[in-house]
J.: 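The structure follows.
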Amino acid sequence: MNKTALITGATSGIGKATAELFAEHGMHLILCGRRQKRLDELRITLGAKTKIYTLNFDVRDKAAVANAIDSLPDEFSNIDILINNAGNAHGLDTIDEGNLEDWDAMLDINVKGLLYISKAIIPQMVSKKAGHIINIGSTAGKEVYPRGNVYCASKHAVDAINQGMRIDLNAHGIRVGAVNPGLVETEFSNVRFKGDEARADTVYKGFQALLAEDIADIIHFVVTRRRHVNIADLVVMPTAQASSTIINKKL
Ligand code: NDP
Ligand code: 8X3
């Protein structure tokens, strides 16, 4: 039977590439994001390959999250796979110069938003004693780099939540694991630098960054293992990257 996956942050980058790959494999998809035009495009393009349902909400809004999940029609209401992917960095400032709105955005989206979505979906997984949750963390959740402060804190929180979910859901037969990428060339740096494309481009200059499709491949591998296999925590970096700050750039 075709599995149903819900992907947050499906309008761009890792989430979009994952949606495209899952659609190739015939998974039924619930695709979430805030940019309606992109959700509409995905419904049309991927709808030619599989069943697609789109939900437009901001993960920061807990009522909107709950309403969106409640609103799912019967044929999409049984979710097998949750990809907790929506998130971004906002700003790259030292802690003394940090912007409060950026801090709120990162903690509200990357941490609380992930929790709100999980809270809305986990009960049905508990009741059917099955389900698979993939939390998209980051190398920023494994180490802290200069000016990364609050983004790193948000991803360290994802790392802790991933472990906590796995522990608490163990008795229910639910698989929980994290995929933690290093540098992936997506809209991530455009968002971090608030639309300054030239600055965003410099992040990925001089080396081959990971592509969103590389992470989608890995996520697909993780969710297609046999039932007794749970990939609990996976870190992936570009070959040119050894840590958040050691990158073999040929500039
Ligand atoms: P993108 O900016 O390309 O995609 C981010 C996605 O998150 C978009 O689809 C966006 O959709 C969604 N999103 C952001 N804010 C909200 C919100 N408030 N409510 C609902 N959806 C939201 O970045 P990536 O694909 O790179 O990032 C995806 C995940 O991967 C993030 O969690 C990021 O931290 C993580 N990551 C990224 C790395 C990288 O180097 N790129 C490395 C490690 C981890 P919309 O704007 O339509 O709402
Ligand atoms: C994204 C990777 O190094 O830009 O999580 O924080 S990094």
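In each ligand, atom 1 is the first atom listed, and ligand 1 is the first ligand listed. The first residue of the sequence shown is numbered 1, and numbering continues consecutively from there.
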J.: Closer than 3.5 angstrom, by distance alone: can the side chain of Asn230 be matched with the main-chain N or O of Val176 as a donor-acceptor pair?
T.: yes

J.: Please list all pairs meeting salt bridge (Lys or Arg N to Asp or Glu O under 4.0 Å) that have one or both residues in residues 95-119, counting only residues at least two apart or in different chains.
T.: Asp102-Lys194, Asp108-Lys112

J.: With backbone taken as N, CA, C and O and side chain as the heavy atoms from C-beta onward, which portion of Ala10 lies under 4.0 Å from ligand 1: side chain, backbone, both, or neither?
T.: backbone

J.: For atom 6 (C) of ligand 1, which protein heavy atom lies nearest, and how many Å away is it?
T.: Gly9 CA, 3.7 Å

J.: Is the shortest side-chain N to carboxylate O distance from Arg34 to Asp61 below 4.0 Å?
T.: no

J.: Considering only protein heavy atoms, which is closest to atom 34 (O) of ligand 1, and at what distance to one decimal place?
T.: Tyr151 OH, 2.7 Å

J.: Identify, with sequence neighbours excluded, every residue that meets ring pair (Phe, Tyr, Trp, His ring centres under 6.0 Å) alongside Tyr116.
T.: none

J.: Specify the protein heavy atom at minimum distance from atom 25 (O) of ligand 1: its residue, its atom name, and the distance to 0.1 Å.
T.: Ile14 N, 2.9 Å

J.: Mind checking whether Val59 has an N or O less than 3.5 Å away from an N or O of ligand 1?
T.: yes

J.: Would you tell me which option among His90, Arg34, Lys155 has the nearest heavy-atom contact to atom 46 (O) of ligand 1?
T.: Arg34

J.: Students should be able to answer this: which protein heavy-atom is nearest to atom 23 (O) of ligand 1, and at what distance?
T.: Thr186 OG1, 3.5 Å

J.: Could you tell me whether Asp40 and Lys37 have a side-chain N and a carboxylate O separated by less than 4.0 Å?
T.: no

J.: How long is the gap from CG on Leu42 to SG on Cys32, to the nearest 0.5 Å?
T.: 11.0 Å

J.: What do you reckon, does Val184 have a nitrogen or oxygen under 3.5 Å from a nitrogen or oxygen of ligand 1?
T.: yes

J.: Tell me whether the count of non-hydrogen atoms from other residues, nucleotides or ligands lying under 6.0 Å of NZ in Lys142 goes above 12.
T.: yes

J.: To the nearest 0.5 angstrom, please state how far the CG atom of Asn84 sits from the OG atom of Ser118.
T.: 4.0 Å

J.: My understanding is that only residues two or more places apart in sequence, or in another chain, count here; which of them pass side chain to side chain contact (heavy atoms under 4.5 Å, CB included) with Lys129?
T.: His172

J.: Under 4.0 Å from any heavy atom of Thr11, which atoms of ligand 1 are there?
T.: 8 (C), 9 (O), 10 (C), 11 (O), 45 (P), 47 (O)

J.: Nearest 0.5 Å please: distance from the CD1 atom of Ile134 over to the OG1 atom of Thr18.
T.: 10.0 Å

J.: Nearest to atom 18 (N) of ligand 1, what protein heavy atom do you find, and at what distance?
T.: Asp58 OD1, 2.9 Å

J.: Scan Glu41, Arg43, Gln36, Arg38 and name whichever one has a side-chain hydrogen bond (donor to acceptor under 3.5 Å, both in side chains) with Thr54.
T.: Arg43

J.: Taking non-hydrogen atoms only, is Leu183 closer than 4.0 angstrom to ligand 1 via side chain, backbone, both or neither?
T.: backbone

J.: Counting each atom of ligand 1 from 1 as listed, which ones have a heavy atom of Gly13 under 4.0 Å away?
T.: 3 (O), 25 (O)

J.: Examine distances only and state if a side-chain atom of Gln124 and a backbone atom of Ser77 form a donor-acceptor pair shorter than 3.5 Å.
T.: yes

J.: When rounded to the nearest 0.5 angstrom, what is the spacing between CG in Asn135 and CG in Asn110?
T.: 12.0 Å

J.: Taking atom types as modelled and ignoring hydrogens, do the side chains of Lys51 and Asn2 form a donor-acceptor contact shorter than 3.5 angstrom?
T.: no

J.: Could you list each nitrogen or oxygen of ligand 2 that sits under 3.5 Å from a protein nitrogen or oxygen, with the atom names and the distance?
T.:
residue  : atom  : partner : partner atom : Å
ligand 2 : 5 (O) : Ser138  : OG           : 2.5
ligand 2 : 5 (O) : Tyr151  : OH           : 2.6
ligand 2 : 6 (O) : Tyr145  : OH           : 2.6

J.: Counting non-hydrogen protein atoms only, what is the nearest one to atom 27 (O) of ligand 1? Give residue, atom name and distance.
T.: Gly87 O, 3.9 Å

J.: For ligand 1, which is the ligand I care about here, please tell me if Asn88 has any N or O atom under 3.5 Å from one of the ligand's N or O atoms.
T.: yes

J.: Within ligand 1, which atoms have a heavy atom of Glu187 less than 4.0 Å away?
T.: 2 (O), 3 (O)

J.: Tell me, which protein residue and heavy-atom name are nearest atom 1 (P) of ligand 1, and how many Å apart are they?
T.: Ser12 OG, 3.5 Å

J.: For His156 and Ala140, indicate whether the former's side chain and the latter's backbone hold a donor-acceptor pair under 3.5 Å.
T.: yes

J.: Does Gly182 have a non-hydrogen atom less than 4.0 Å from ligand 1?
T.: yes

J.: Is there a donor-acceptor contact under 3.5 Å from the side chain of Glu143 to the main chain of Ser244?
T.: yes

J.: Less than 3.5 Å between some nitrogen or oxygen of Gly15 and one of ligand 1, yes or no?
T.: no

J.: Report the part of Glu185 in contact with ligand 1, treating N, CA, C, O as backbone and CB onward as side chain, heavy atoms under 4.0 Å; options are side chain, backbone, both, neither.
T.: neither

J.: For Arg35, counting its heavy atoms only, list the atoms of ligand 1 lying under 4.0 Å from any of them.
T.: 8 (C), 10 (C), 11 (O), 45 (P), 46 (O), 47 (O)

J.: Among protein heavy atoms, which sits nearest to atom 44 (C) of ligand 1, and what does the distance come to when rounded to 0.1 Å?
T.: Gly137 O, 3.1 Å

J.: Pick whichever of Ala64, Ala86, Ala19 has a heavy atom sitting closest to atom 21 (N) of ligand 1.
T.: Ala86

J.: Does CZ in Phe221 sit with more than 12 non-hydrogen atoms of other residues, nucleotides or ligands closer than 6.0 Å?
T.: no

J.: Kindly confirm or rule out an N or O of Asn85 lying under 3.5 angstrom from an N or O of ligand 1.
T.: yes

J.: Do you see a donor-acceptor pair shorter than 3.5 Å between the side chains of Thr4 and Asn78?
T.: no

J.: Give the atoms of ligand 1, by number and element, whose distance to some non-hydrogen atom of Phe57 is under 4.0 Å.
T.: 19 (N), 20 (C)

